[in-house]
2 protein chains.
Amino acid sequence: MHEHHDHEHDHTHDEIKEAVEHLKSSGVRITPQRHAVLEYLIEAEIHPTADDIYKALEGKFPNMSVATVYNNLRVFKDIGLVKELTYGDASSRFDYNTTKHYHVICESCGKIVDFHYPSLDEVEALAETVTGFEVSHHRMEIYGTCPDCKEKH
Amino acid sequence: MHEHHDHEHDHTHDEIKEAVEHLKSSGVRITPQRHAVLEYLIEAEIHPTADDIYKALEGKFPNMSVATVYNNLRVFKDIGLVKELTYGDASSRFDYNTTKHYHVICESCGKIVDFHYPSLDEVEALAETVTGFEVSHHRMEIYGTCPDCKEKH
DNA sequence: TTATTACATTGTAATCTTTATAATTAGTTT
DNA sequence: AAACTAATTATAAAGATTACAATGTAATAA
Ligand SMILES: [Mn+2]
Ligand SMILES: [Mn+2]
Ligand SMILES: [Zn+2]
Ligand SMILES: [Zn+2]
């Protein structure tokens, strides 16, 4: 487990550098708060909410405003660094944008797991011909019960 | 256009009766407000928000509370009469539950159009084997620009 | 029919997430 | 270092939904 984490940390190090370059080349300033939000997003495996991020960083930045988190998430979204995942009642979740993938969501504990599957191009194509829309993208999620929650009945 | 509407009204008449039976057999009382919300949902073609319904009925029920609309929508949802469609920032939309179908959404004007396509069972099956989840259902929507909005550039 | 009971509606307050605003702070460029 | 501009902060405001308590009404029993 430790090894796993260390290995991941090495990996994210590159991703952070890459993301910072992306920000710089988009004319976005690198501030300590912004860097921390970005870093947390890249290292997090939980598809965090804005409040998750806010709480995770309040130790390091006791004066940081929740508006800063939202502002930065919007900036990251605008330049394509992160994707916003919106669900029913609860708050949005944010996903650092690596490769395209879908999500499987546990209805019992709320866990969100990545799920790789070829893009549903046929569905998009048919929708175009049937509805006359010019299709730009689609969204799909799968809901169910995760292994942990199945065990606990 | 008139003929079209009259024809549809005949059709919805049966659906309303059917839905009322469903409510009765579920032990849910039929009140005038509840009936009006149900009727509006069945006749509406726009996947209305709670506020759409509230506004549409305020002529007939000047004293109706917005809480009543929400309460009834919850009741309808609980017994499976309607489905709640949740999108990002905006408010939920409600769909009278006829047959299973997907939706195509215009990113320009917000229009939501029904789209019939065979259920993505293969995707669900693969998700089960890959993630170990017990899958219950999925959701999919397609986004793009509707014909009307394409015309207006 | 009347009384009882449980459910539904109403009006309003509260909650929760997200955005707007204005003042202050801090990167960046010259 | 000075000037310029963007980012942060604190707080207020907005918008959607839910909670709550009082009142009203449909269903059922007496
Ligand atoms: Mn993901
Ligand atoms: Mn529909
Ligand atoms: Zn779970
Ligand atoms: Zn449109």
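Proteins come first, then strands; the chains are lettered A, B, ... in the order of their sequence lines, and each starts at number 1.
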- Task: May I ask you to evaluate whether Tyr70(A) reaches the phosphate of dT19(C), defined as a side-chain N or O under 4.0 Å from OP1 or OP2?
- Result: no

- Message: Is it the case that the side chains of Gln33(B) and Thr68(B) hold a donor-acceptor pair, with the cut-off being a distance below 3.5 Å and no angle test?
- Response: no

- Separation of dA8(C) atom P from Leu73(B) atom CG, nearest Å, is 14 Å

- Item | N/O (side chain, Arg34(B)) to phosphate O (OP1/OP2, dT9(C)) under 4.0 Å | yes

- Rounded to the nearest angstrom, tell me the gap between atom OH in Tyr54(A) and atom P in dT8(D). 14 Å

- Task: Round to the nearest Å and state the distance from Arg93(A) atom CZ to dC16(C) atom P.
- Result: 17 Å

- Task: Whole angstrom is fine here: how far is it from NE2 in His35(A) over to C1' in dA6(D)?
- Result: 18 Å

- Task: Measure the distance from CG on Leu57(A) to C1' on dT9(D) and round it to the nearest whole Å.
- Result: 15 Å

- Query: Quick one: is Gln33(B) getting a side-chain N or O under 4.0 Å of the dT10(C) phosphate, OP1 or OP2?
  - Reply: yes

- Asp121(A) versus Ser119(A), side-chain donor and acceptor atoms under 3.5 Å: yes

- Which residue lies more 5' along DNA chain D, comparing Pro32(B) with Ala90(B) via nearest heavy atoms: Ala90(B)

- Query: If you check the Ser65(B) side chain, which of dT10(C), dA10(D), dA27(D) turns out closest?
  - Reply: dT10(C)

- Quick one: do the His47(A) and Asp52(A) side chains pair a donor with an acceptor below 3.5 Å? no

- Query: How many Å lie between CZ on Phe61(A) and P on dA26(C), as a whole number?
  - Reply: 12 Å

- Message: Under 4.0 Å, heavy atoms only, any strand: does Thr31(A) hit a base, just the sugar-phosphate, or nothing?
- Response: sugar-phosphate

- Assign each of Asn63(B) and Val28(B) the nucleotide of DNA chain C bearing its closest heavy atom; nearer the 5' end lies the nucleotide of Val28(B)

- Query: dA6(D) C1' sits how many Å from Arg74(A) CZ, rounded?
  - Reply: 13 Å

- Item | Length of the CE-C1' vector between Met64(A) and dT25(C), whole Å | 16 Å

- With a cut-off of 6.0 Å (strictly less than), are more than 12 heavy atoms of other residues, nucleotides or ligands near NZ of Lys150(A)? yes

- Counting any heavy atom closer than 4.0 Å, what does Ser92(B) reach on the DNA or RNA strands: base, sugar-phosphate only, or nothing? sugar-phosphate

- Query: Can a donor-acceptor pair be found between the side chains of Thr145(A) and Glu107(A) at a distance below 3.5 Å?
  - Reply: no

- Message: Regarding Glu124(B) and His138(B), do their side chains bring together a donor and an acceptor under 3.5 Å, going by distance alone?
- Response: yes

- Query: Quick one: which of dA6(D), dA8(C), dT9(C) gets closest to the side chain of Arg29(A)?
  - Reply: dA6(D)

- Note on the structure: Side-chain atoms of Thr68(B) come closest, of dG27(C), dA8(C), dT9(C), to dT9(C)

- Message: OP1 or OP2 of dT9(C) versus the side-chain N and O atoms of Asn72(B): is any pair under 4.0 Å?
- Response: yes

- Just call it for Asp51(B): base, sugar-phosphate, or nothing, with non-hydrogen atoms closer than 4.0 Å on any strand. nothing

- Query: Which residue lies toward the 5' end of DNA chain D, Ala50(B) or Val75(A), if each is placed at its nearest nucleotide?
  - Reply: Val75(A)

